[in-house]
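Scroll down for the structure; my scribbles are underneath it.
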Amino acid sequence: MQDKTAVEVGADGVAIVTINNPPFNLLSVDVMLSLKENIEGALSRDDVKAIVITGTKGKFSAGFDVTAFGGRQGKKTKRELGFMSIQFVTDTLEAARKPLVAAIEGPAFGGGLEIALACHARISTSSAQLGLTELQYGILPGLGGTQRLPRLVGLPKALEMILMSKRVDGREAQIISLVDAIAPADKLLGVAHQWALDILERRKPWVISL
Ligand SMILES: C[C@H](O)CC(=O)SCCNC(=O)CCNC(=O)[C@H](O)C(C)(C)COP(=O)(O)OP(=O)(O)OC[C@H]1O[C@@H](n2cnc3c(N)ncnc32)[C@H](O)[C@@H]1OP(=O)(O)O
């Protein structure tokens, strides 16, 4: 089976953890367990100083695969969605003692954006699309987005985005403080790397939104 996330550690000590579930890097329990495992691995390595999270093929993540929400669990005993909290990934990010930066290109929706919100900074391209779009499926953001988004963008803007499943592009996201900086696609990872090292060296603030 193809790995759902990949890790590469650069000579500068920044690990890039890439979500690898094309075409939209949708999240599932498997993808999130793989993400958690690779982030924990990077956090425990002495040669890793900071972590950048991104998505493969120019797409951060379009959120949870909503087809997994269909149907009742019935008498299943295996640990599946509905039997377990899916916040295990954001719990890991929250507990991290190394800088975490999200490098966002393409869609960052629902759980995808919530993973980015749990990082200490977000860098995006100007054309990236960001939103907590869960309500269009009749569900609430489930990875802490209802708490983290208002802390970054203020309550009125967060309510507008959540209640109307409103999407913003990278440019607007920077204006409302949802992303910290904009970079062209070919420089995105480089800028995110530098931002992570700047947090480490205290040249940029270590911002925890929850
Ligand atoms: C825990 C969390 O809080 C819960 C969540 O994350 S809920 C999920 C939130 N995510 C979203 O709202 C994203 C919704 N998707 C989109 O906006 C758009 O599909 C997109 C921008 C990703 C891609 O757009 P576009 O390129 O025009 O392709 P589009 O035709 O819409 O989608 C392609 C296929 O992917 C599927 N898809 C897209 N997002 C999906 C998702 N989150 N779950 C399951 N399937 C999805 C579509 O249903 C479609 O399937 P089909 O080919 O069988 O009809």
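What you see is a predicted model; the values in this text were computed from it and never measured. Numbering of ligands and ligand atoms starts at 1, following listing order. Throughout, numbering of the chain's residues begins at 1 and tracks the sequence.
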Counting C-beta onward and ignoring hydrogens, is there a side-chain heavy-atom pair between [X] and [Y] closer than 4.5 Å?
| X | Y | result |
| --- | --- | --- |
| Leu27 | Ile115 | yes |
| Leu43 | Val48 | no |
| Leu93 | Ile53 | yes |
| Arg148 | Thr90 | yes |
| Thr125 | Ile182 | no |
| Thr5 | Asn20 | no |
| Met32 | Glu37 | no |

What are the atoms of ligand 1, with element, lying closer than 4.0 Å to any heavy atom of [X]?
| X | answer |
| --- | --- |
| Gln136 | 11 (C), 12 (O), 14 (C) |
| Gly63 | 6 (O) |
| Gly142 | 3 (O) |
| Pro141 | 3 (O) |
| Gly110 | 6 (O), 9 (C) |

Winner among Gly106, Ser61, Ala62 once heavy atoms are compared against atom 22 (C) of ligand 1: Ala62

Heavy-atom proximity to atom 9 (C) of ligand 1, best of Asp65, Thr133, Ile139, Leu135: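 Among Asp65, Thr133, Ile139, Leu135, the closest heavy atom to atom 9 (C) of ligand 1 belongs to Thr133.
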
Protein heavy atom under 4.0 angstrom of [atom], is there one?
| atom | answer |
| --- | --- |
| atom 41 (C) of ligand 1 | yes |
| atom 50 (O) of ligand 1 | no |
| atom 7 (S) of ligand 1 | yes |
| atom 26 (O) of ligand 1 | yes |
| atom 11 (C) of ligand 1 | yes |
| atom 29 (P) of ligand 1 | no |

With sequence neighbours excluded, residues passing side chain to side chain donor-acceptor pair (under 3.5 Å) with Arg97: none

Quick one: look at [X] and ligand 1, take heavy-atom pairs under 4.0 Å, and tell me if it's side chain, backbone, both or neither.
| X | answer |
| --- | --- |
| Met32 | neither |
| Ile86 | side chain |
| Phe64 | both |
| Pro107 | neither |
| Leu27 | neither |

Proximity flag Gln129 to ligand 1, non-hydrogen atoms under 4.0 Å: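 No heavy atom of Gln129 comes that close to ligand 1.
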
For Gln136, side-chain contact (heavy atoms from CB on, under 4.5 Å) partners two or more places apart: Thr133, Ser165, Arg167

Which residue holds the protein heavy atom closest to [atom], what is that atom called, and what is the gap in Å?
| atom | result |
| --- | --- |
| atom 21 (C) of ligand 1 | Phe109 CE1, 3.7 Å |
| atom 14 (C) of ligand 1 | Tyr137 OH, 3.4 Å |
| atom 37 (N) of ligand 1 | Leu26 CD1, 4.5 Å |
| atom 43 (N) of ligand 1 | Val66 N, 2.9 Å |
| atom 18 (C) of ligand 1 | Arg167 NH1, 4.7 Å |
| atom 32 (O) of ligand 1 | Phe24 CE1, 4.0 Å |
| atom 4 (C) of ligand 1 | Glu134 CG, 3.5 Å |

Residues Arg171 and Asp169 bridged, charged N to O under 4.0 Å: no

SB check Lys57 Glu105 (cutoff 4.0 Å):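 Not counted as a salt bridge, because no side-chain N and carboxylate O are separated by less than 4.0 Å.
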
Phe60 to Ala103 - nearest heavy-atom pair and separation: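 Scanning both residues, the minimum pair turns out to be CD1-O, 3.3 Å.
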
From Lys59 atom NZ to Gln129 atom CD, the distance as rounded to the nearest 0.5 Å: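 Lys59 atom NZ to Gln129 atom CD measures 12.0 Å (nearest 0.5 Å).
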
Atom pair CG (Leu132) and CD (Glu114), whose distance is rounded to the nearest 0.5 Å: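 Output value for this atom pair is 5.5 Å.
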
Contact (N/O only, under 3.5 Å) between Glu114 and ligand 1: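 In this structure, Glu114 places an N or O atom under 3.5 Å from an N or O of ligand 1.
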
Cys119 backbone acceptor or donor facing Arg122 side chain under 3.5 Å: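 Looks like yes, one N/O pair under 3.5 Å.
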
Donor-acceptor contact below 3.5 Å, side chain Gln87 vs main chain Gly142: yes

